[in-house]
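These numbers were taken from a predicted model, which means no experiment stands behind them. Order of listing sets the numbers, starting from 1, for every ligand and every atom in it. Position 1 is the first residue of the sequence, and the numbers go up from there.
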Amino acid sequence: MLTVTEKLPASAASNDFLPLLGTDYVEFYVGNAKQAAHYYINAFGFKPLAYAGPETDLKDRVSYVVCQHKLLFVLTTPLKADSAIAAHISKHGDGVKVLALRVEDAADAWKQTTLRGGSSYKEPQYLKDSFGEAVISGISTYGDTVHLFIERKNYRGAFLPGYIEWAPSFAAHLADTGLLYVDHCVGNVGWHQMNTWVKFYEDVMGFKNILSFDDADISTEYSALMSKVMSNGNGFVKFPINEPAEGKKKSQVEEYLDFYNGEGVQHIALATNDIVKTVKDLMTRGVEFLKVPTSYYDELLDRVGKIDEDTAPLKELGILVDRDNEGYLLQLFSKPVQDRPTLFFEIIQRKGAKSFGKGNFKALFEAMEFEQGLRGNL
Ligand code: FE2
């Protein structure tokens with residue numbers, strides 16, 4: 001079997017019609033952006049960065065922007081009932097609207113993707129203020145989710161034109177939690193829709209399918225799902241796509257689809273260089289994580305071989321370990337971060353491994369099903 005790296009095109013940059021510099025930001029439509037910003041600042045260790053709202057001539061919404069290392073989250077709430085944002089929240093609850101990707105040329109990104117069948121969400125828009133110019137364009141993806149292309153090479157302001165710097169004194173003394181960048185973003189799509197969206201990422205965005213998991217890989221006694229991992233040419237952007245598969249009971253993807261009222265972002269994986277420290281911090285600050293049975297650790301080293309970390313803190317915190325041909329990874333999954341059982345976060349530390357923790361799927365999904373059962377949705 002080829003490793004993930006071998007399956008990435010070697011000279012991707014030269015023939016990539018959509019060269020991506022990485023994830024730019026993730027925008028969440030939420031019921032109360034002011035309070036959500038405090039959750040990401042106090043619980044996840046983000047810093048306040050920028051704000052837009054009525055005070056900046058934006059009459060129909062407010063957006064708070066928070067950051068941590070390369071991570072940028074935008075939290076947006078509508079101010080009026082009759083708005084597309086209000087309709088989005090009414091239908092989906094709090095969730096991800098925008099997965100924004102950084103590009104050198106946003107007009108060309110829009111041209112290349114719409115030429116290949118992408119549905120336009122935003123024609124190239126040239127935004128200016130005293131800090132320079134940014135260009136934004138975008139296309140739609142699964143459900144009501146969109147990709148925006150962000151060109152900010154000529155912009156030096158806090159976030160984007162229209163936003164003002166937000167630096168409240170309450171946050172000055174708060175430390176970060178070592179979260180660095182978006183490792184991958186996973187989408188849940190409907191029954192038999194996975195291959196449609198795999199083809200979308202291949203045809204419209206030039207991505208490659210680098211890994212596939214079928215229901216034999218991802219099943220428990222009760223439920224199953226299938227997943228394919230899509231990656232752009234340089235590997236900076238990875239989007240696994242899940243669809244439900246038949247099982248004895250309702251799969252976690254079906255529960256998501258029921259409560260999100262359709263397809264959408266299931267989880268965002270955030271990278272750290274010290275998962276033990278990061279997870280300890282996050283737990284102390286109130287982030288809730290899934291717990292696998294402690295028997296998971298009984299033969300851990302037999303399964304994954306020698307690792308640099310002590311197993312005691314991994315067991316205490318519930319951190320999972322998996323190995324592939326290239327190294328190993330440590331990961332842990334939060335509980336849903338809003339009232340509906342929809343979006344959650346993964347915390348991941350890669351030590352060579354470029355895969356996604358296949359060896360942990362069973363234990364992880366059993367832990368998820370336990371929670372699903374508590375909600376009466378299994
Ligand atoms: Fe993941």
Under 3.5 Å, which donor-acceptor pairs do the side chains of residues 186-199 form with other protein atoms, sequence neighbours left out?
unit_1 : atom_1 : unit_2 : atom_2 : d
Asn188 : OD1    : Asn242 : ND2    : 3.1
Asn195 : OD1    : Lys228 : NZ     : 2.8
Lys199 : NZ     : Asp203 : OD2    : 2.6

Give every protein N, O or S atom lying under 2.8 Å from the Fe ion (ligand 1), naming each by residue and atom.
-> His184 NE2, His267 NE2, Glu346 OE1

Mind checking whether Phe170 and His38 have ring centres under 6.0 Å apart?
-> yes

Taking the six-membered ring for Trp and the full ring for Phe, Tyr or His, determine whether the centres of Phe149 and Trp110 are under 6.0 Å apart.
-> no

Go through the steps for Tyr201 and Asn209 under the test side chain to side chain donor-acceptor pair (under 3.5 Å), then give the verdict.
-> CA-CA 9 Å; Tyr201 281 104; Asn209 173 215; over 6 Å; no

Kindly assign one of parallel, tilted or perpendicular to the pair Phe44 and Tyr40, based on the angle between their ring planes and the thresholds 30° and 60°.
-> tilted

Side chains of Tyr296 and Glu366, donor plus acceptor under 3.5 Å | no

